[in-house]
Amino acid sequence: QVQLVESGGGLVQAGGSLRLSCAASGRTLSSYATGWFRQAPGKERDVVATITWSGGRTYYADRVKGRFTISRDNAKNTVYLRMNSLKPEDTAVYYCAARRTQSEVVLISVWEYDYWGQGTQVTVSS
């Protein structure tokens with residue numbers, strides 16, 4: 001079983017940047033597809049970006065394309081989400097998720113992931 005811990009959230013002004021990290025323990029992440037999701041108050045948890053176990057394929061939600069970048073460093077057992085040009089509507093709790101698979105099919109649904117971190121708050125002020 002893998003444990004996931006997110007970090008890097010905080011308060012930033014609109015137009016600013018943050019880099020979120022998701023550190024894994026218990027298992028190596030190299031055999032896991034991983035993803036970032038977010039949930040704003042009163043809303044459902046939605047996909048932000050996902051990456052296959054190899055890093056060979058990625059997926060981005062339309063609302064973050066061109067601004068966010070997901071990457072992984074399997075040697076460090078960590079997945080990152082670089083967020084640029086942040087907007088107030090990006091404010092949410094951001095969650096890291098993982099599923100053990102070596103498929104190159106990107107996974108974009110909440111229900112497709114088995115392991116979740118506790119979340120990190122990102123607040124973007126206008």
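Basis for what follows: all heavy atoms, side chains included, without hydrogens, waters or symmetry-related copies.
- The salt bridge (charged side-chain N to carboxylate O under 4.0 Å, His left out) contacts involving residues 109-123 comprise nothing, where partners must be two or more places apart or lie in separate chains.
- Interatomic distance, OG of Ser109 versus CG of Asp46, reported as 10.5 Å (0.5 Å rounding).
- Counting heavy atoms from C-beta outward, Val12 and Met83 have side chains that stay 4.5 Å or more apart.
- Annotation: disulfide bond (SG atoms under 2.5 Å apart) contacts involving residues 54-88, sequence neighbours excluded, are absent.
- Remark: Ser103 engages Thr101, Val105 in a side-chain contact (heavy atoms from CB on, under 4.5 Å) (not counting sequence neighbours).
- Asn77 places a side-chain N or O within donor-acceptor distance of the main-chain N or O of Arg27, the cut-off being under 3.5 Å.
- Closest heavy-atom contact between Gln118 and Val5: OE1-CA, 3.8 Å.
- With sequence neighbours left out, Trp116 forms a ring pair (Phe, Tyr, Trp, His ring centres under 6.0 Å) with Phe37.
- When the salt bridge (charged side-chain N to carboxylate O under 4.0 Å, His left out) test is applied to Arg38, the partners found at least two apart in sequence or on another chain are Asp90.
- Minimum heavy-atom separation, Ala14 to Ser126: CB-CA, 4.3 Å.
- Taking OH of Tyr60 as the start and NZ of Lys65 as the end, the distance is 10.5 Å to the nearest 0.5 Å.
- Residues Val124 and Glu89 have side chains not in contact (no heavy-atom distance under 4.5 Å, counting atoms from C-beta outward).
- Placement of Ile51 and Tyr59 in two distinct hydrophobic clusters is found when ILVMFWY residues are connected by side-chain heavy-atom separations under 4.5 Å, directly or transitively.
- For the pair Ser17 and Asn84, the tightest heavy-atom approach, listed with the atom from each and the gap, is OG-OD1, 2.9 Å.
- Remark: Thr52 pairs with Ser54, Arg57, Glu104, Val106 by the side-chain contact (heavy atoms from CB on, under 4.5 Å) rule, at least two apart or across chains.
- Within the structure, no pair that satisfies the disulfide bond (SG atoms under 2.5 Å apart) test touches residues 97-126, not counting sequence neighbours.
- Looking only at distances, a side-chain donor or acceptor of Thr50 sits under 3.5 Å from a matching main-chain atom of Leu107.
- Across all their heavy atoms, Val47 and Ala61 have their closest contact at O-CB, 3.6 Å.
- Between the side chain of Arg67 and the main chain of Ser85, a donor-acceptor pair closer than 3.5 Å is present.
- Listed by first then second residue, pairs satisfying disulfide bond (SG atoms under 2.5 Å apart) with a partner in residues 11-118 read Cys22-Cys96, not counting sequence neighbours.
- Annotation for Thr58 and Ile70: closest pair CG2-CG2, 3.8 Å, computed over non-hydrogen atoms.
- Residues satisfying the side-chain contact (heavy atoms from CB on, under 4.5 Å) criterion with Ser71, sequence neighbours excluded, are Tyr80.
- By the side-chain contact (heavy atoms from CB on, under 4.5 Å) test, Ser125 pairs with Leu11, Gln13, sequence neighbours left out.
- By the side chain to side chain donor-acceptor pair (under 3.5 Å) test, Lys43 is found to be paired with no residue, residues two or more places apart in sequence or in another chain being considered.
- Looking at Ser30, its side chain never comes within 3.5 Å of a backbone N or O of Thr28 through a donor-acceptor pair.
- Listed by first and then second residue, the disulfide bond (SG atoms under 2.5 Å apart) pairs that reach into residues 53-84 come to none, sequence neighbours excluded.
- Residue Ala98 comes nearest to Leu29 through the heavy atom pair CB-CD2, 4.3 Å, listed as atom of the first residue, atom of the second, then distance.
- Note: the hydrophobic cluster containing Trp36 does not contain Tyr113 (ILVMFWY, side chain heavy atoms under 4.5 Å, direct or indirect links).
- Ring pair Phe68/Tyr94 is tilted by interplanar angle, where 30° to 60° counts as tilted.
- Considering Ile108, Leu81, Leu20 in turn, Leu81 is the only one that fulfils the side-chain contact (heavy atoms from CB on, under 4.5 Å) rule with Val48.
- Because its NZ or CZ atom is both nearer than 6.0 Å to the ring centre of Tyr95 and within 45° of the ring axis, Arg45 counts as a cation-pi partner of that residue.
- Of the inter-residue distances, the one linking Arg99 atom CZ with Ser31 atom OG reads 13.5 Å to the nearest 0.5 angstrom.
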